[in-house]
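Numbering of ligands and ligand atoms starts at 1, following listing order. Numbers here simply count residues along the sequence, with the first being 1.
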Amino acid sequence: MDKPRLYSGMQPSAESLQIGNYIGALLNWKSLQETHDAFFSIVDLHAITVAQDPAKLRENTRRTAAQYIASGIDPDASTLYVQSHVAAHAQLAWVLNTITGFGEASRMTQFKDKSAKQGSDGTTVGLFAYPILMAADILLYDTVVVPVGEDQRQHVELTRDIAARFNTRFGDTFVVPESSIQKETAKIYDLQNPLSKMSKSAESHAGVIWVLDEPSVTAKKIMRAVTDADGGVVFDRENKPGVANLLTIYSTMAGRTVQSLEDEYAGRGYGDLKKGLAEVVTGTFGPIRARVIELLDDPAELDRLLAVNAARAASVADATLARAYDRVGL
Ligand code: ADP
Ligand code: NA
């Protein structure tokens, strides 16, 4: 039997990915690519739903691609491409716009959050239609599995509703993706504010670990992470969110159980825990950083890889788009 189809993506919204992207997405993708026919996109069309500097966007797109590859996404086994290189995304999104209710789209909580940040002048129709473009991304590849975080669950549900509606109205066209998020992935919090999710778009970068930071910078950030006055290395999300966050990062990056870390650091201070964690993180990100620098050093080869992958993506996406156009009467 063929491997189940999988689709996921990330926005090229910063020069570097942060450790939450690595643990919550890339590590997971790396193992899923073994068992799935995986499509991994760098979603630049999504990125322009908020203002972007054109030169920086182009640069960040290439850097994000390099970080996917350096983190272990295999561009031969998986299809790793830039969303805007495959025209069918924008084309199918338009068709899906026309069968999505305005009220239905208005209920997306991520839009409410993002538009509150942008203000009414900064909030574009593109930002509003973001989830419908995401539906197009998923449906173009006859996707079964969509490994995304909890914050994207509502968008996957919308995708299912749109696909089912289209199929009912125009005849069987789209595969309706699975609703549930496949695997529980760890959620990483800001080192300076362990109650808020670490994010590329955090206002302050003091508590963000970047994949491409110099090892000394990463170590300093970890040593300065907010903890508590209790002193015990114990996993207690409610009462010790800072320490719990460090243990989560440590455990996922080192591939060890939290219990074994608690045992190792019992009776030792947070300083030791942080030192150990800094070693693990810089030990993982050091080679990734070196590989990214190497990949960016040969832009022609990186562009060639992305072009080959975009062509492979387009050959699947164009067939789905043709089917949808035909059904609608275009
Ligand atoms: P960011 O907030 O850094 O811009 P995105 O919203 O672009 O991240 O998410 C890209 C991917 O990274 C998604 O799969 C998301 O679930 C994952 N991700 C982002 N931040 C975290 C985090 N703090 N912990 C775990 N996973 C995360
Ligand atoms: Na983001």
Side-chain angles (χ1 to χ4, degrees), residues 6-33 36 38-52 56-57 60-61 63-65 67-68 71-73 78 80 82-83 108-111 113-114 117-118 127 130-131 133-134 137-138 143 145-156 159 177 180-213 221 225 237 241-242 244-253 281:
L6 176 150
Y7 179 90
S8 203
M10 266 193 270
Q11 294 189 55
S13 45
E15 277 177 39
S16 172
L17 298 176
Q18 43 93 4
I19 198 168
N21 304 136
Y22 180 79
I23 291 171
L26 285 169
L27 264 185
N28 197 25
W29 294 0
K30 201 174 132 182
S31 63
L32 287 167
Q33 74 179 345
H36 292 76
F39 286 72
F40 297 119
S41 183
I42 295 137
V43 293
D44 53 350
L45 294 174
H46 283 280
I48 61 169
T49 58
V50 298
Q52 299 289 334
K56 269 197 198 132
L57 176 63
N60 290 346
T61 297
R63 292 175 74 98
T64 303
Q67 287 171 89
Y68 280 19
S71 300
I73 302 303
S78 297
L80 185 173
V82 177
Q83 184 188 29
M108 295 297 114
T109 58
Q110 195 176 76
F111 171 71
D113 294 347
K114 284 189 178 173
K117 268 190 213 152
Q118 298 297 318
L127 188 64
Y130 181 114
L133 176 60
M134 182 169 157
D137 299 342
I138 294 167
T143 303
V145 179
V146 188
V148 290
E150 183 59 37
D151 54 336
Q152 296 294 323
R153 186 190 288 274
Q154 198 185 23
H155 293 166
V156 178
T159 302
S180 65
I181 286 142
Q182 279 277 296
K183 196 168 133 196
E184 199 52 48
T185 59
K187 186 170 170 184
I188 307 304
Y189 296 85
D190 193 285
L191 296 189
Q192 288 302 317
N193 180 9
L195 297 178
S196 116
K197 193 190 101 154
M198 194 184 288
S199 173
K200 280 189 243 93
S201 34
E203 263 168 43
S204 161
H205 291 169
V208 178
I209 301 178
W210 301 101
V211 173
L212 299 181
D213 261 347
K221 281 184 179 171
R237 172 78 65 210
N245 189 39
L246 296 179
L247 284 169
T248 304
I249 298 173
Y250 202 146
S251 133
T252 48
M253 294 291 283
V281 173

Check the side chains of Thr109 and Gln154 for a donor-acceptor pair under 3.5 angstrom, ignoring hydrogens and angles. yes
So Phe40 and Trp29, would you call those rings parallel, tilted or perpendicular, with 30° and 60° as cut-offs?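 Parallel.
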Within-cut-off N or O pair, [X] and ligand 1, under 3.5 Å:
X	value
Gln18	yes
Ser199	yes
Lys200	yes
Pro147	no
Asn21	yes
Met198	yes
Gly20	yes

Asp137/His46 under side-chain contact (heavy atoms from CB on, under 4.5 Å): CA gap, chis, key distance, verdict: CA-CA 10 Å; Asp137 299 342; His46 283 280; 2.9 Å; yes
Over all heavy atoms of both residues, which pair between Gln67 and Leu26 is shortest? Give the atoms and the distance, please. O-CD1, 4.3 Å
Grab the two heavy atoms, one from Ala47 and one from Gln52, that are nearest each other, plus how far apart they are. O-NE2, 3.0 Å
By the definition side-chain contact (heavy atoms from CB on, under 4.5 Å), identify the one residue from Asn28, Leu80, Ile73 that meets it with Gln33.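 Single side-chain contact (heavy atoms from CB on, under 4.5 Å) partner of Gln33 among Asn28, Leu80, Ile73: Ile73.
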Output the list of atoms in ligand 1 that are nearer than 4.0 Å to some heavy atom of Lys187, sorted by atom number.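 Here the atoms of ligand 1 in question are 24 (N), 25 (C).
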Might you work through the side-chain contact (heavy atoms from CB on, under 4.5 Å) test for Leu17 and Lys200, ending with a clear yes or no? CA-CA 7 Å; Leu17 298 176; Lys200 280 189 243 93; 3.8 Å; yes
Tell me whether Ala186 reaches ligand 1 (any heavy atom closer than 4.0 angstrom to a ligand atom). yes
Any idea which part of Met10 is under 4.0 Å from ligand 1, heavy-atom wise: side chain, backbone, both or neither?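 The answer is the side chain.
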